[in-house]
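Have a look at the structure below before the remarks.
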2 protein chains.
Amino acid sequence: MNKKDKIIEAALRLFVENGFHGTATSKIAQEAGVANGTLFQYFNTKDELVTALYVSVKEEMAKYIEKNTAKSDNVREVMKSQFLASLFWALDNAVKFKFIQQFHSSPYIGKVEQEIIQNQVKPHLTLIQNGIDKGLIKKLPVDFVYSLISSQTFGVYQYLSSKPFTKVQQHDTIEQSFELLWGMIR
Amino acid sequence: MNKKDKIIEAALRLFVENGFHGTATSKIAQEAGVANGTLFQYFNTKDELVTALYVSVKEEMAKYIEKNTAKSDNVREVMKSQFLASLFWALDNAVKFKFIQQFHSSPYIGKVEQEIIQNQVKPHLTLIQNGIDKGLIKKLPVDFVYSLISSQTFGVYQYLSSKPFTKVQQHDTIEQSFELLWGMIR
DNA sequence: AATATGATTGACTAATCAGTCGCAAAGATA
DNA sequence: TATCTTTGCGACTGATTAGTCAATCATATT
């Protein structure tokens, strides 16, 4: 494992444990087993480290979802596969998902270029619009529907991670959550 | 306005603007127009200030919701009044609500005594259980239903605060959101 | 007026912070 | 082997931090 990845891993863990400003760059370097200055070879500033981390983690999640998206033109099926994939990824990557959550409700979110965020959201909005056009989803503003889906994802994750469920129980709850969600928007 | 309230007001604003650790206690004192040391007369440490702020803001919100809860034994009606009150309060107290959000997904949340959180959640769980017993709400784990309701509240707030809606549009969207929510859990 | 009490002050400190820089080690090329 | 390039090092710095404390102020009581 190269130094950059070690830095990223340590940074993620410490950020989730102690918050962004609560984590000193020196601590990150120490935890990663590299010198203080090495960190600044890969990231010019601490802010750059934080935002770069967010973008890369988000991309990783997006790639996983894309890979696990059902190859179908059935909107419900596609949406379900994405909803499940989101939650499976979140449960398997708790630290990364918590990092995303923390980042979303922090002032750092404003430092990420709007374009990057838009590009990641766009395919989901298209899918929703598609569902509305086909009469499968209620005629509501697309980004309102998107807000409902995202928040449900976060809510279900919160619930699942707060209790010691088995894999099977988690799976069942996620399936059930999608049924509830779909019933709400269709 | 007394010094303590000035400190609280300044702290809230700065915490939301720059994050918890990104806000120096000296900045808070300066912004509040009080001396550095005065802050530590009211709050022993910075951590105490942050968590005390959270508890007090949460209590304020809870009181508002309680005051605006429908006096009825119709579960749907009670739940609706609480859902609306939550969102009206959030929109009218954007800084405080953002502070709550930020706090929730920060490591500070672990520093609040579990008992305090439980006490604030309990009445809502009771209401949900009541709805289930009366056959009005689906037979699901109570705190699962609670998670769905909370996350929907946050999601609708996020949507509303991201666009320049009029009061009437906000009101309509909130009403509609409750109908969707109720349809999902009943 | 004299005294007492609690609130307020801001200079101060020891610790910690993000970020720099000159130098060494490790490869790469020849 | 000699030279160049990349990567890594960690002591260092100037700025900033949370928190302290002795002195001052405002107000109330006698």
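Here C:dC17 presents its P atom at 15 Å from CG of A:L49, a figure rounded to the nearest Å. A straight line from CZ of B:F20 to C1' of D:dT17 spans 18 Å, rounded to a whole angstrom. Taking atom CZ on B:F40 and atom P on C:dG10, their separation rounds to 16 Å, with Å as the unit. Here D:dC9 presents its P atom at 11 Å from CG of A:L39, a figure rounded to the nearest Å. As a whole-Å value, the separation of A:K46 NZ from D:dT17 C1' is 13 Å. The separation between A:H21 atom NE2 and D:dT16 atom P is 15 Å, rounded to whole Å. Between B:N36 atom CG and C:dA7 atom P the separation is 18 Å, expressed in whole Å. We find that CD of A:Q41 is positioned 14 Å from P of C:dG22, with the value rounded to whole Å.
A side-chain N or O of A:D47 and one of A:Y108 form a donor-acceptor pair less than 3.5 Å apart. A:S86 and A:T153 form no side-chain donor-acceptor contact under 3.5 Å, judged by distance and modelled atom types alone. Under 3.5 Å, the side chains of B:D133 and B:Q129 contain a donor-acceptor pair of N or O atoms.
The aromatic rings of A:Y159 and A:F165 sit tilted relative to each other, their planes meeting at an angle between 30° and 60°.
The side chain of A:A35 approaches D:dG10 more closely than any other nucleotide in the set D:dG19, D:dG10, C:dG19. In this structure, of D:dA18, C:dA18, D:dG19, it is D:dA18 that holds the atom nearest to the side chain of B:A24.
Within residues 2-18 of chain A, no residue has any heavy atom closer than 4.0 Å to DNA chain C.
Nearest heavy-atom pair, B:D73 versus B:K134, reported as atom, atom and distance to 0.1 Å: O-NZ, 3.1 Å.
The line from CD of A:Q120 to CD1 of A:I65 is 9.5 Å long, rounded to the nearest 0.5 Å. One finds the CZ atom of A:F40 at 10.5 Å from the CD atom of A:E48 (value rounded to the nearest 0.5 Å).
Contact annotation: B:Y42 does not reach the phosphate of C:dA7 (side-chain N/O to OP1 or OP2, under 4.0 Å).
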